[in-house]
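Data block below; observations after.
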Amino acid sequence: MSYAEEREQNIARNRAILADLGINPLRPKCEPRENLRKKVAAKKRKSPLPESDELEPPKKASRIADDSNEQGGTRRSSRLAGKTVDYKQEQDRGVPEPMTFKRSQKLKVGQVKSKRTYDPHMYGHIPDVEVGTWWATREDCSNASVHGPWVSGIAPGPNGAYSIALSGGYDDDVDDGYAFTFTGSGGRDLKGTKTAPKNLRTAPQSSDQSFEDRNNAALQRSVDTQKPVRVIRGFKGKARSKYAPSEGYRYDGLYLVKKAWIEKGLNKGSFLVCKFAFVRMPEQEAIPVNDGGDDESDE
DNA sequence: TCCAGAGCTGGT
DNA sequence: ACCAGCTCTGGA
């Protein structure tokens with residue numbers, strides 16, 4: 001069977017799984033309401049120029065309150081300007097944990113205080129971070145406490161994963177916005193060979209994934225505990241998902257992991273992968289759609 | 001476009 | 001101390 005055929009098959013199967021879980025009232029609430037895409041200053045990630053203190057977030061992205069004085073109820077994004085939301089009523093946001101630093105306590109020269117206000121090791125929303133908040137890099141997102149790891153897609157916790165990052169790294173994952181499938185971690189050789197050692201952060205699949213992997217195990221626990229998982233979508237997903245932001249990373253709110261299973265992955269060698277089905281929790285902002293308009297119209 | 005090498009988090 | 005991780009940047 002060709003790669004394309006196999007991919008179609010996997011996607012169809014994943015879609016069926018999502019549809020199976022789709023017997024929920026969430027869908028209408030999470031349907032995209034409008035096409036919000038605006039032209040973005042292209043390719044401006046992490047400019048080396050210290051000048052650009054206002055590194056421009058695309059469209060209606062609401063920036064995290066880097067300057068405190070944000071009062072808890074008022075939407076800041078232009079799209080939602082003026083609206084007020086009773087956050088207390090929205091979701092169990094967990095207990096806000098003021099940062100207590102361990103290793104990240106090591107401050108750089110010239111750095112006055114830690115970059116995080118809250119500990120990312122909590123379930124639910126991070127206080128004061130609105131759904132839809134956008135960051136240029138994973139580092140920024142990490143500093144906002146929404147998803148701690150800079151590289152890893154999964155932030156594991158004792159009662160399930162705290163957060164995950166959707167970066168479109170797997171060809172057969174399906175993203176319907178209100179629900180999606182997600183592939184676990186592991187099964188990659190990041191070191192290269194003895195003779196040709198590498199120092200990679202990602203690499204092609206070269207062995208089976210399993211639930212032994214602590215990240216995958218955490219997501220499996222999420223199925224049992226039904227703890228909310230924070231989800232961020234990254235620009236790399238735009239090749240296959242219209243819900244991915246055109247640039248940077250965006251907080252898309254809380255999801256539940258409804259199912260965990262293992263299947264033959266869509267990779268060279270047909271190594272096994274861990275798969276997870278996510279469904280969005282109700283009462284949240286609609287996820288904006290990326291019409292894929294300008295930049296590199298792949299596909 | 002590819003490749004190498006790096007910083008950082010978070011767990012063991 | 002060591003290692004894994006859906007990153008990022010710079011240079012060929």
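Proteins get letters first, then strands, A, B, ... in listed order; numbering begins at 1 in each. Computed from a predicted model, the values in this text were never measured in an experiment.
Within the 4.0 angstrom heavy-atom criterion, base atoms lie near A/R214. In this structure, A/G168 reaches the bases: a heavy-atom distance under 4.0 Å links it to at least one base atom across the strands shown. Here A/G169 lies in heavy-atom contact (under 4.0 Å) with a base.
Remark: A/H121 is in phosphate contact with B/dG11, judged by side-chain N or O atoms under 4.0 Å from OP1 or OP2. Using a 4.0 Å cut-off, no side-chain N or O of A/R116 falls inside it from OP1 or OP2 of B/dC8. For A/K198, a side-chain nitrogen or oxygen approaches OP1 or OP2 of B/dA4 to under 4.0 Å.
Looking at A/N199, its side chain has no donor and acceptor atom pair within 3.5 Å of the base of B/dA4.
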Next on the checklist: Let's go through A/K227 and A/S222 carefully: what are the C-alpha distance in whole Å and the side-chain angles of both, what is the deciding distance for side chain to side chain donor-acceptor pair (under 3.5 Å) to 0.1 Å, and is it a yes or a no?
Outcome noted: CA-CA 6 Å; A/K227 286 279 190 187; A/S222 292; over 6 Å; no
Next on the checklist: For a side chain to side chain donor-acceptor pair (under 3.5 Å) check, start with the C-alpha distance between A/D189 and A/S206, then their side-chain angles and the critical distance, and finish with the verdict.
Outcome noted: CA-CA 6 Å; A/D189 181 11; A/S206 59; 5.3 Å; no
Next on the checklist: Would A/F180 and A/Y255 count as a ring-ring contact (aromatic ring centres under 6.0 Å, His included) here? Give the steps.
Outcome noted: CA-CA 10 Å; A/F180 59 86; A/Y255 287 71; 5.0 Å; yes
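If you take CG of A/N215 and P of C/dC6, they are 7 Å apart, rounded to a whole angstrom. Rounded to an integer number of Å, the gap from A/E139 CD to C/dC6 C1' is 17 Å. For A/L190 and C/dC6, the CG to C1' distance is 11 Å, given to the nearest whole Å. The CG atom of A/N216 sits 15 Å away from the P atom of B/dG11 (whole-angstrom rounding). As a whole-Å value, the separation of A/L200 CG from B/dC2 C1' is 13 Å. Rounded to a whole Å, the CH2 atom of A/W150 is 7 Å from the P atom of B/dT9. A/R138 places its CZ atom 13 Å from the P atom of C/dG5, with the value rounded to the nearest Å. Here C/dT7 presents its P atom at 8 Å from CZ of A/F235, a figure rounded to the nearest Å.
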Next on the checklist: If a pair means Watson-Crick or G-U wobble with both distances below 3.5 Å, what does DNA chain C look like in dot-bracket form, with | marking bases paired to a different strand?
Outcome noted: |||||.||||||
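Residues A/R240 and A/D171 are paired through a salt bridge, judged by an N-O separation under 4.0 Å between the basic side chain and the carboxylate.
Aromatic ring pairs are classed by plane angle as parallel below 30°, tilted from 30° to 60° and perpendicular above 60°; the pair A/W135 and A/Y251 is tilted.
Of all non-hydrogen atoms in A/G234 and A/A244, the two that sit nearest each other are O-CB, 3.6 Å.
Of the two residues contacting DNA chain B, namely A/R201 and A/G157, the nearest-nucleotide position lying further toward the 5' end is that of A/R201.
A side-chain donor from one of A/S185 and A/D213 sits under 3.5 Å from a side-chain acceptor of the other.
In this structure, the nucleotide among C/dC8, B/dA6, C/dC6 sitting nearest to the side chain of A/Y249 is C/dC8.
B/dT12 and C/dC6 have their C1' atoms separated by 22 Å, with the value rounded to a whole Å.
In the hydrophobic clustering of this structure, A/F182 groups with A/V223; members are Ile, Leu, Val, Met, Phe, Trp, Tyr whose side-chain heavy atoms approach within less than 4.5 Å, directly or through other members.
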